Amino acid sequence: MADKDKLVSRSEDFNEWYNSVVLRADMADYGPVRGTMIVKPYGWTLWENIQQALDQRFKATGVQNAGFPMFIPMSFLQKEAKHVEGFAPELAVVTHGGGQELGEPIVVRPTSETIIGHTYANWIQSYRDLPLLLNLWNSVVRWELRTKLFLRTLEFYWQEGHTAHATAVEAAERTRMMLDVYADFAINEAAVPVIRGEKSELERFAGANQTLTIEAMMGDGKALQSGTSHNLGQNFAKAFDIQYLDPNNELQYAWTTSWGLSTRFVGAIIMTHGDDNGLILPPRLAPYQVVIVPIYRKDAEKTAVLTAAQRIQQELTDAGIRVKMDDRDNLTPGYKFNDWELRGVPARIEIGPRDIEKNSVALARRDVPGRDGKQFVSQDGLAATVQALLVDIQASLLTRATQFRDENTHDVTNYDEFKTAVQTGFARVWWDGSNQEELKVKEETKATIRCFPLEQPEGSGTCFYTGRPANKIAIFGRAY
RNA sequence: CGGGGCAUGGCGCAGCCUGGUAGCGCGCUUCAAUGGGGUUGAAGAGGUCGUGGGUUCGAGUCCCGCUGCCCCGACCA
């Protein structure tokens with residue numbers, strides 16, 4: 001294997017590993033404007049599979065999809081004080097249109113709470129109009145200066161759900177329900193173990209009363225906020241006048257929520273499962289679950305091998321497996337093996353003249369590198385064999401990632417241990433600090449409160465930082 | 001926004017100091033062999049050297065302006 005073709009190892013330079021793997025696996029490319037991203041078909045298919053898994057879960061809870069404008073009047077942003085304060089620095093503002101200077105500048109949506117608030121105010125008159133449950137699949141723009149493909153780009157794709165409810169309790173339930181949807185998706189579709197928790201006041205969404213989050217640990221021990229669900233209380237209802245008449249004919253403000261998950265999650269999958277050979281995609285979301293590499297020398301062999309390979313492709317496709325046949329004629333099998341491993345295809349079938357004779361194929365699993373992951377199996381019942389293997393790979397990925405996270409999460413009781421823990425992973429601590437103290441910790445260690453886990457232990461303890469009695473546990477980590 | 005660097009075929013770079021007809025690797029095209037872990041050989045295609053000005057008989061190379069991008073620091077999903 002030529003050195004120049006090898007990836008930088010993750011331990012050597014995780015950042016460089018990530019960048020080259022994204023480019024070389026054909027997931028994405030850089031756009032011509034600084035900070036923009038072009039998602040290539042392979043990356044976009046992965047995103048489509050994510051979309052599909054989420055979309056059906058949303059719809060199962062009564063949510064409908066809709067489309068809203070990307071342009072929002074500047075004045076809308078200014079109606080919710082904290083919201084505008086949070087987003088002002090990263091807005092893209094349109095000042096000219098059709099060759100004319102605009103009377104009021106228009107912003108490109110950084111998120112749609114304001115235009116949703118404006119619209120919901122018109123749509124909602126009565127308690128009979130509630131709950132109102134919409135979701136948008138769109139892209140938003142936030143003027144980021146430091147960019148990284150999928151993780152932080154000037155424009156990114158996501159979904160944003162927006163709901164309005166008659167009561168505080170209902171809104172709180174919805175906020176939690178969508179968090180659970182995200183967690184279920186992350187764990188069971190992406191095999192990304194996540195911690196459900198609540199954000200600290202400092203990390204909360206601009207304009208929310210409560211932000212719930214799923215936090216994942218990447219392969220370098222850093223945290224990635226992978227999805228968020230916000231309880232907006234009556235903040236936006238009051239700013240935009242979303243009122244309804246209740247059954248007693250009394251005017252009430254509605255309670256709203258919003259929740260989002262972005263193409264950032266693609267980055268989460270890459271950094272959770274990848275190894276030094278490239279991506280490892282979870283079978284349930286992988287664009288191709290199996291790649292077939294035919295092997296032959298002479299023309300006579302070629303015909304026989306390709307015929308068998310095509311038959312197998314058809315059998316697997318009929319069984320509902322996503323299959324790619326790599327019949328490129330100008331590349332050697334060895335090259336193809338490495339290529340598809342880099343791209344993270346969960347399983348590979350090699351079929352050559354020897355297999356034709358023996359009615360077998362070589363079946364390799366991506367999560368076990370090298371020859372250890374390769375076995376020779378019968379062509380009979382191959383679809384079932386592959387199905388079972390994919391299920392097994394999916395489960396192994398989750399187990400492995402969960403183990404990694406737990407091994408790199410440490411319960412610590414003093415600042416020195418804390419500093420060591422957040423070098424390589426998460427620190428789980430009793431916390432009773434103020435906002436100022438939280439900022440101080442961030443300054444001194446670069447670690448932030450990722451969340452207060454929803455699952456809290458019984459009892460209380462001593463804050464590792466202030467020494468005061470504390471009644472809640474926080475997870476700290478360095479974050480993307 | 002503050003500090004540093006870079007700009008030359010699709011990509012990565014050399015050439016600049018010391019001015020004289022633009023080169024290397026990868027990739028791409030064609031052909032042949034090869035093919036069970038990153039395969040060879042041969043023949044090709046492809047560049048107004050980021051941009052505007054200046055110096056000079058002559059500028060990729062020297063000088064000045066502009067623009068863009070990358071890296072490092074403060075904000076973010």
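Because the structure is predicted, anything quoted here is derived from the model rather than measured. The basis for the numbers below is simple: all heavy atoms, side chains too, and nothing from hydrogens, waters or symmetry mates.
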Trainee: Between B:C75 and B:C17, how far apart are the two P atoms, rounded to whole Å?
Mentor: 44 Å

Trainee: Please report whether the ring centroid of A:Trp47 lies less than 6.0 Å from that of A:Phe150.
Mentor: no

Trainee: Are any of A:Arg297's side-chain N or O atoms less than 4.0 Å away from OP1 or OP2 of B:G35?
Mentor: yes

Trainee: What is the distance from CG of A:Asn330 to P of B:G38, rounded to the nearest Å?
Mentor: 16 Å

Trainee: If I take atom NZ in residue A:Lys199 and atom P in nucleotide B:C76, what distance separates them, rounded to the nearest angstrom?
Mentor: 11 Å

Trainee: Are there over 12 heavy-atom neighbours, none belonging to A:Gln64, within less than 6.0 Å of that residue's CD?
Mentor: no

Trainee: Rounded to whole angstrom, note down the P distance from B:C72 over to B:C13.
Mentor: 16 Å

Trainee: If B:G73 has a Watson-Crick or G-U wobble mate with both distances under 3.5 Å, name it; if not, just say none.
Mentor: B:C1

Trainee: Return the nearest nucleotide to the side chain of A:Phe337; candidates are B:G35, B:G38, B:G37.
Mentor: B:G37

Trainee: Between A:Lys472 and A:Glu198, is there a salt bridge with N-O shorter than 4.0 Å?
Mentor: no

Trainee: To the nearest Å, give me how far apart CD1 (A:Ile349) and P (B:G36) are.
Mentor: 18 Å

Trainee: Which part of the nucleic acid does A:Tyr480 contact within heavy-atom distance under 4.0 Å: base, sugar-phosphate only, or nothing?
Mentor: nothing

Trainee: On the ring face of A:Trp158, is A:Arg142 found with NZ or CZ under 6.0 Å from the centre and within 45° of the axis?
Mentor: yes

Trainee: Looking only at side-chain atoms of A:Glu90, point me to the closest of B:G37, B:G36, B:C76.
Mentor: B:C76

Trainee: I'd like the C1' distance from B:C1 over to B:C62, given in whole Å.
Mentor: 34 Å

Trainee: What is the distance, to the nearest angstrom, from the CZ atom on A:Arg328 to the P atom on B:G27?
Mentor: 13 Å

Trainee: Could you check how far CG of A:Leu91 sits from C1' of B:C75, rounded to whole Å?
Mentor: 13 Å

Trainee: So what's B:C16 paired with, Watson-Crick or G-U wobble, going by both distances under 3.5 Å?
Mentor: none

Trainee: Distance check, C1' atoms only: B:C28 and B:A45, in whole angstrom units.
Mentor: 8 Å

Trainee: Quick one: A:His230 NE2 to B:C76 C1', roughly how many Å, whole number?
Mentor: 13 Å

Trainee: Taking everything shown except A:Arg284 itself, do over 12 heavy atoms lie less than 6.0 Å from its CZ?
Mentor: no

Trainee: Taking the same atom, C1', in B:C24 and in B:G9, what whole-Å distance lies between them?
Mentor: 12 Å

Trainee: Can you tell me whether the side chain of A:Arg142 and the base of B:C76 have a donor-acceptor pair closer than 3.5 Å?
Mentor: no

Trainee: With nearest nucleotide decided by heavy atoms, which residue, A:Tyr296 or A:Leu342, maps closer to the 5′ end of RNA chain B?
Mentor: A:Tyr296

Trainee: Looking only at N and O atoms, is any donor in the side chain of A:Lys302 or the base of B:G35 less than 3.5 Å from an acceptor on the other one?
Mentor: no

Trainee: Tell me whether the side-chain N or O atoms of A:Asp355 pair up with the base of B:G36 as donor and acceptor below 3.5 Å, since no angle test is needed here.
Mentor: yes

Trainee: With the side chain of A:Thr332 defined as its heavy atoms from C-beta on, choose the nearest nucleotide among B:C76, B:G36, B:U39.
Mentor: B:U39

Trainee: Please give, in whole Å, the distance from B:G27 P to A:Leu23 CG?
Mentor: 17 Å

Trainee: Can you tell me, in whole Å, how much space there is between the P of B:U48 and that of B:G60?
Mentor: 13 Å

Trainee: Report the distance from atom CG of A:Leu224 to atom C1' of B:C76, rounded to the nearest whole Å.
Mentor: 12 Å

Trainee: Return the pairing partner of B:C31 with a 3.5 Å limit on both distances, Watson-Crick or G-U wobble; otherwise return none.
Mentor: B:G41

Trainee: Compare the minimum distances between each of B:G38, B:C76, B:G35 and the side chain of A:Ile295, then state the nucleotide with the smallest one.
Mentor: B:G35

Trainee: Which of these nucleotides, B:G36, B:U39, B:G37, is closest to any side-chain atom of A:Tyr335?
Mentor: B:U39

Trainee: Applying the Watson-Crick and G-U wobble criteria at under 3.5 Å, what pairs with B:U56? Answer none if nothing qualifies.
Mentor: none

Trainee: For a salt bridge (Lys or Arg N to Asp or Glu O under 4.0 Å) check, start with the C-alpha distance between A:Arg311 and A:Glu315, then their side-chain angles and the critical distance, and finish with the verdict.
Mentor: CA-CA 6 Å; A:Arg311 198 195 71 239; A:Glu315 279 173 25; 3.3 Å; yes

Trainee: Regarding A:Arg152 and the six-membered ring of A:Tyr480, is the cationic atom NZ or CZ under 6.0 Å from the ring centre and inside 45° of its axis?
Mentor: no

Trainee: Say we look at B:U61 and B:U55: how far apart would their C1' atoms be, to the nearest angstrom?
Mentor: 13 Å

Trainee: Using heavy-atom distances to pick each residue's nearest nucleotide on RNA chain B, tell me which of A:Arg152 and A:Tyr30 is more 5'.
Mentor: A:Tyr30

Trainee: Between the base of B:G36 and the side chain of A:Arg371, is there a donor-acceptor distance below 3.5 Å?
Mentor: no

Trainee: Would you mind telling me which of B:C76, B:G35, B:G36 lies closest to the side-chain atoms of A:Glu350?
Mentor: B:G36

Trainee: Write down the distance separating the P atoms in B:G27 and B:U67, rounded off to the nearest Å.
Mentor: 39 Å

Trainee: Using purine N1 to pyrimidine N3 plus N6-O4 or O6-N4 for Watson-Crick, or N1-O2 and O6-N3 for G-U wobble, each under 3.5 Å, what pairs with B:A7?
Mentor: B:U67

Trainee: Any chance the rings of A:Tyr120 and A:Phe236 have centres within less than 6.0 Å?
Mentor: no

Trainee: Looking across every strand, which nucleic acid part, if any, lies under 4.0 Å from A:Leu151 by heavy atom: base, sugar-phosphate, or nothing?
Mentor: base

Trainee: Between B:C76, B:G36, B:U39, which nucleotide has the shortest distance from any of its atoms to the side chain of A:Ala362?
Mentor: B:G36

